[in-house]
Amino acid sequence: MTGILETRLGPLKLKNPVLVASGTFGYGVEYEDIMDISRIGGICVKGISLTPRPGNPPPRVCETPAGMLNAIGLANIGYDAFISGPLQRLRELCATVIVNTYGTSAEEFAELARRFDKVEGIAALEVNISCPNVNAGGIHFGMRPEPAREVTRAVREATRLPIIVKLSPEAIDLAGVAQAVVEAGADALAVMNTIRGMSIDVDTRRPRLGSVMGGLSGPAIRPLAVRLVYEVHKAVSAPIIGIGGVTCLQDALEFFLAGASAVQVGTANYSNPRTSLDIIDDFETYCIEHHLFPSDLTGKVQI
Amino acid sequence: MTGILETRLGPLKLKNPVLVASGTFGYGVEYEDIMDISRIGGICVKGISLTPRPGNPPPRVCETPAGMLNAIGLANIGYDAFISGPLQRLRELCATVIVNTYGTSAEEFAELARRFDKVEGIAALEVNISCPNVNAGGIHFGMRPEPAREVTRAVREATRLPIIVKLSPEAIDLAGVAQAVVEAGADALAVMNTIRGMSIDVDTRRPRLGSVMGGLSGPAIRPLAVRLVYEVHKAVSAPIIGIGGVTCLQDALEFFLAGASAVQVGTANYSNPRTSLDIIDDFETYCIEHHLFPSDLTGKVQI
Amino acid sequence: MKWLRTTITQIERPAPGFALLRFAGQPEIQGEPGQFVMVRGAWGNDPILARAFSLVEVGVHGAILVRVVGRGTRRLADMRPGDSIDVLGPAGHGFDFSGKGDVSVLVAGGVGVAPILMLAESMAASGQRPIVLYGARGSGELVLCERLASAGEVAVATEDGSRGHRGYVTDLLLGVLEKQPSAHLYACGPEGMLEAVAKMAVRRSVPCQIALESPMACGKGTCKGCAVLARSGQYLYICSDGPVLSADDIYGEEQ
Amino acid sequence: MKWLRTTITQIERPAPGFALLRFAGQPEIQGEPGQFVMVRGAWGNDPILARAFSLVEVGVHGAILVRVVGRGTRRLADMRPGDSIDVLGPAGHGFDFSGKGDVSVLVAGGVGVAPILMLAESMAASGQRPIVLYGARGSGELVLCERLASAGEVAVATEDGSRGHRGYVTDLLLGVLEKQPSAHLYACGPEGMLEAVAKMAVRRSVPCQIALESPMACGKGTCKGCAVLARSGQYLYICSDGPVLSADDIYGEEQ
Ligand SMILES: Cc1cc2nc3c(=O)[nH]c(=O)nc-3n(C[C@H](O)[C@H](O)[C@H](O)COP(=O)(O)OP(=O)(O)OC[C@H]3O[C@@H](n4cnc5c(N)ncnc54)[C@H](O)[C@@H]3O)c2cc1C
Ligand SMILES: Cc1cc2nc3c(=O)[nH]c(=O)nc-3n(C[C@H](O)[C@H](O)[C@H](O)COP(=O)(O)OP(=O)(O)OC[C@H]3O[C@@H](n4cnc5c(N)ncnc54)[C@H](O)[C@@H]3O)c2cc1C
Ligand SMILES: Cc1cc2nc3c(=O)[nH]c(=O)nc-3n(C[C@H](O)[C@H](O)[C@H](O)COP(=O)(O)O)c2cc1C
Ligand SMILES: Cc1cc2nc3c(=O)[nH]c(=O)nc-3n(C[C@H](O)[C@H](O)[C@H](O)COP(=O)(O)O)c2cc1C
Ligand code: FES
Ligand code: FES
């Protein structure tokens, strides 16, 4: 560890710019037996709501070409259990914790932010206004600039923690949403959450997911995500975390060149839970060999 | 050939419901040496404009996980050359010809329709208001209901040929666009064209496509396409042609169950140009074994 | 749990469509009967998810029995010794058979024989001789029968009657339960079979553990993808609460 | 052109990272030097596109020389005899060497040796003995040299000097062109090399045919994906106008 990968996303300082994506790495602690989770640039924990959520009816996951659909429905243990359970252990393990939050109203988001503001060991909040798998909240705030701005402002007023707002590829005007949330106080943007898809088992004639539709993720959507990072980077100057189908250093570099200052690894954790660490190691070697810092790559695609 | 696959899409009668998608099968005639192209349900020829178009700067294609990006830019030989060249041969070969048309204004679309209306050997027009690879026209008409309605109405007034309107997954309100074009006289809807993506060569730091962005196609996007077919089917009663990542009978059936009355095979033609014929054969066997017609499957997903 | 990038050391093909893959431990593969591993080869983007397989052997080599049903299992079955595979495990809760003095009746359907074989061999190693009932569609889908036979008393059922009883393995179970009302049941197989076995057990108040399947992504309790609705109305997660659950938990009578 | 679902009959591995794949004709694989085939194995969704390879042998068996550079070529190189592959071809326009009485100088860079070998062997079969200049980064990347040597006079260049001339193959070409001002050139290799060869030829008004590459989807002139900008300002399509083009068409001097 040379420190060469140290990354600043506005007020947020990270060991390195390779994070794990919310919902694909649990609360992080589940992986301590197989890897040193303190090495990960940031662990975006599973979306946390004020109260526990049981999640959607099964089946909740299915595979698609070079990707998968999920409709977990933000199943999570809720704020209290998270604080008293996993978070304690994450602190002991010196992990960098980014809390992905989910609420059904701006006020709920603000209340979560207010509570987390007082809790130790949290590096940042990731405000999920882009989950496609819930009936209320989630993507409904992320489709248009106004509701996105409102949620962000409420969260901003409730906490001094760095705020990352996680955007949806389904936004009707993504650049507009990005501008709105930055104006409202977001310190960084996470681009992107899943895009809704559907798959049908032709033998049973039933949708492969209990809730019919789910979010598409994995390498399949990487070209879409890279494009959106590029577009958002042109629209705002806030740092961007690129998400969507990152499986290796090459993929991460693609996002950096398009405009990202960090990346998150999601679905690839299911191929290999150590993917983020492999990318970190490869990234360090790359930076040394090419005499550069990750930030030197941000937005450097040559058009 | 039992006739069991015969398909009606409004006024359009087809031998079978398996077509090849525009831009992925040239003018059709190029394939006569390797297959009997008259067996294909319909050949949607490469998008035709009033005058020839040279297309976009190379590179124009690149591969992505389980898919590809293209930015051909509607390179085509133009109306006159098409009429006097490939179309003659298509007629001799008894192929079912669907002409994909591209214009930069409603008037251009109408003019093309007016001309094709007088030409023999054309089964239908497919109005492309969804191409993402051009600066004018294309997707710009397909993003919102009003321009889509306007183009469709102009085409409707110009021809008695059956009209298929091809929609974009990037439409801001796809169901609204679908309703608008049906009201304006579309006989069927083609769902969907490509969604824009981007890929960067991290060694050269250049976009892999000469025009930076391109349309994503192939199995990668199938879950998105199936979802959109399902949503459009709920919104309108016009027949839908499902497009996006069809590679085999199972994939085709998925679209039928979601709400399609026919499918088009695109990118899979590059894996195997005979894909459509294989699906037709398998579909016929399937229908016989299951004692049903393709139309019995339309929209029959069990929710 | 461990995550290993290891190599395939040996492949047996006990029947068409089946492959018994052995892979090197580093130094050892650990696990109990009913526990599973998430496995993936170095095949790139598609399929992207690792696949769950019950452990069949542990020790210096681990082994899984793969039945080809789709593209992931096809890829695995096509691998060769020396090929690299990634193994995450042992995952989940296995069968609990410690100190169960009574007669053990093991019921396997199809590739569900994988954990049942390991369970039978573990019981045999601890001095028990379980009754093993093994059903499949036809004799071509019965695998590893000799190993089963050296671990317990085996009776076989095939739907087409090509070997053993013609019919379902649950027909055999009915007979056994009449003679052995105080048996302990352990079952793995397709959902329909598990439901039938579980309901027989619940009706007779016979203790019964069933190993369930469900689509999985993480195999580690984190994605919350593998939920099944328990009788309690709560979701249970196959990878972390299971895969072995009590028949009561899922198929118990409505209260 | 034909589309065939055929099988791999033999695989040679002339050097690490290279595979010479032979596949059965039904009954014959046809094609001229410089023509190519689009090839794909039965590997599912990823990669989705077929890959272009120059024909190296035609007849009862066809052959292609695959150099591993990415996931598709990796998959092909890992195939085994008996595996199914799909072959579309012969595609494009090959080298035109009929009735060219003058000295033929063939220039190959890297895996560009594939069509050059077939061209050399065709020339030899028609009684010519071409000069073949063959360059690679190191001796480990020089393949099929014996076959080349029995078809023509071979001179080799490696960038690391591990065999033959240390430097570029174009260094050798410069020497040859001084002695053979009325040569006909035929070249295949990386873009930089082709450009250098073509410019030498254009400057000296030596006829020169170059076999180009470009990302392809269809290989059949239909997708319009494989465009290159010709000197004329028009787009040429590598798969249907090429892959063999006149050096003038692409690298001719500005008028
Ligand atoms: C705990 C557990 C233990 C298992 N043990 C074994 C074993 O020992 N041997 C064995 O051969 N198989 C076992 N399976 C099933 C095995 O995981 C699936 O057969 C495999 O994932 C299918 O992958 P595929 O790519 O070949 O099929 P796909 O192409 O993904 O799908 C083919 C069919 O399999 C179904 N399927 C896909 N994934 C799963 C899954 N995870 N569980 C159940 N069905 C699925 C699909 O719905 C579809 O019908 C186990 C599954 C679980 C959850
Ligand atoms: C007419 C023609 C003839 C060819 N003949 C041969 C041959 O005889 N032997 C041989 O080994 N290769 C040949 N090639 C190149 C071969 O097609 C590519 O190496 C192959 O497609 C790469 O596939 P991949 O999946 O391994 O690489 P990818 O993972 O797709 O890409 C790896 C690298 O190869 C480049 N690439 C991808 N596709 C092509 C392509 N179609 N053409 C050029 N570069 C590409 C990519 O930009 C990337 O840098 C030929 C190409 C053409 C167009
Ligand atoms: C099973 C699963 C659960 C997810 N849960 C959440 C979540 O709780 N909150 C959130 O913001 N994103 C969630 N996501 C989205 C991911 O964080 C990520 O944005 C998306 O998967 C795209 O990245 P990938 O292609 O690398 O997976 C989830 C994704 C998956 C696959
Ligand atoms: C190379 C290429 C060229 C295309 N050209 C056209 C076109 O001219 N007109 C059109 O309507 N769609 C065009 N398309 C879109 C396809 O017709 C189809 O809608 C899309 O590829 C999705 O289907 P697929 O996933 O089966 O490829 C093109 C697609 C590709 C890959
Ligand atoms: S498979 Fe992820 S929680 Fe069980
Ligand atoms: S590769 Fe399709 S036109 Fe050349």
Side-chain angles (χ1 to χ4, degrees), chain A residues 62-69 132 143 169-173 194-209 211-216 218-231 244-245 247 249-258 286 297 300-303, chain B residues 62-69 143 169-173 194-209 211-231 244-245 247 249-258 286 297 300-303:
Chain A
C62 78
E63 198 157 355
T64 66
M68 63 178 286
L69 290 170
M143 291 292 283
E170 298 194 35
I172 282 164
D173 166 16
T194 55
I195 184 165
R196 279 171 311 146
M198 177 172 171
S199 177
I200 301 169
D201 181 326
V202 298
D203 295 324
T204 64
R205 298 195 182 176
R206 291 183 184 283
R208 285 189 190 274
L209 295 177
S211 39
V212 185
M213 291 176 195
L216 183 60
I221 59 165
R222 192 167 62 235
L224 173 60
V226 170
R227 193 255 291 178
L228 294 178
V229 166
Y230 176 76
E231 291 182 344
T247 69
L249 176 65
Q250 307 307 307
D251 302 343
L253 295 177
E254 222 182 314
F255 277 101
F256 271 79
L257 292 168
Y286 181 91
L297 296 166
K300 290 296 159 48
V301 61
Q302 286 173 33
I303 302 291
Chain B
C62 80
E63 197 157 356
T64 65
M68 64 178 287
L69 290 170
M143 290 292 283
E170 299 194 33
I172 283 163
D173 166 16
T194 54
I195 184 164
R196 279 172 311 145
M198 177 172 174
S199 176
I200 300 170
D201 182 325
V202 298
D203 295 324
T204 65
R205 298 195 183 176
R206 290 183 185 284
R208 285 190 190 273
L209 295 177
S211 40
V212 185
M213 291 174 195
L216 183 61
S217 65
I221 59 164
R222 192 166 64 234
L224 173 60
V226 170
R227 193 255 291 178
L228 294 178
V229 166
Y230 177 76
E231 291 182 343
T247 68
L249 176 64
Q250 306 307 309
D251 302 343
L253 295 177
E254 222 183 314
F255 278 101
F256 271 79
L257 293 168
Y286 181 91
L297 295 166
K300 290 295 159 50
V301 59
Q302 285 173 32
I303 303 291

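Every value quoted in this text rests on a predicted model; they were computed, and no experiment measured them. Here is the naming used below: chain letters follow the sequence lines, and residue numbers restart at 1 for every chain.
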Student check: side-chain heavy atoms of [X] and [Y] closer than 4.5 Å:
X      : Y      : value
A:E231 : B:M213 : yes
A:R205 : B:V301 : no
A:Y230 : B:I200 : no

How far apart are the closest heavy atoms of [X] and [Y], and which atoms are they?
X      : Y      : value
B:S199 : A:E254 : CA-OE2, 3.2 Å
A:Q250 : B:V202 : OE1-CG2, 2.9 Å
A:P223 : B:L216 : CG-CD1, 3.9 Å

[X] versus chain A, heavy atoms under 4.5 Å apart: side chain, backbone, both or neither?
X      : result
B:L224 : both
B:L69  : side chain
B:L297 : side chain

From CA spacing to verdict: salt bridge (charged side-chain N to carboxylate O under 4.0 Å, His left out), A:R227, B:E170: CA-CA 13 Å; A:R227 193 255 291 178; B:E170 299 194 33; 3.5 Å; yes
Interatomic spacing from CG in B:D201 to CG in A:L253 - rounded to 0.5 Å: 11.0 Å
For chain A, which of B:G197, B:G214, B:A225, B:G245 has the most heavy-atom pairs under 4.5 Å? B:G197
Let's test your reading of the structure: which of B:A171, B:P207, B:P169 forms the most heavy-atom pairs below 4.5 Å with chain A? B:P207
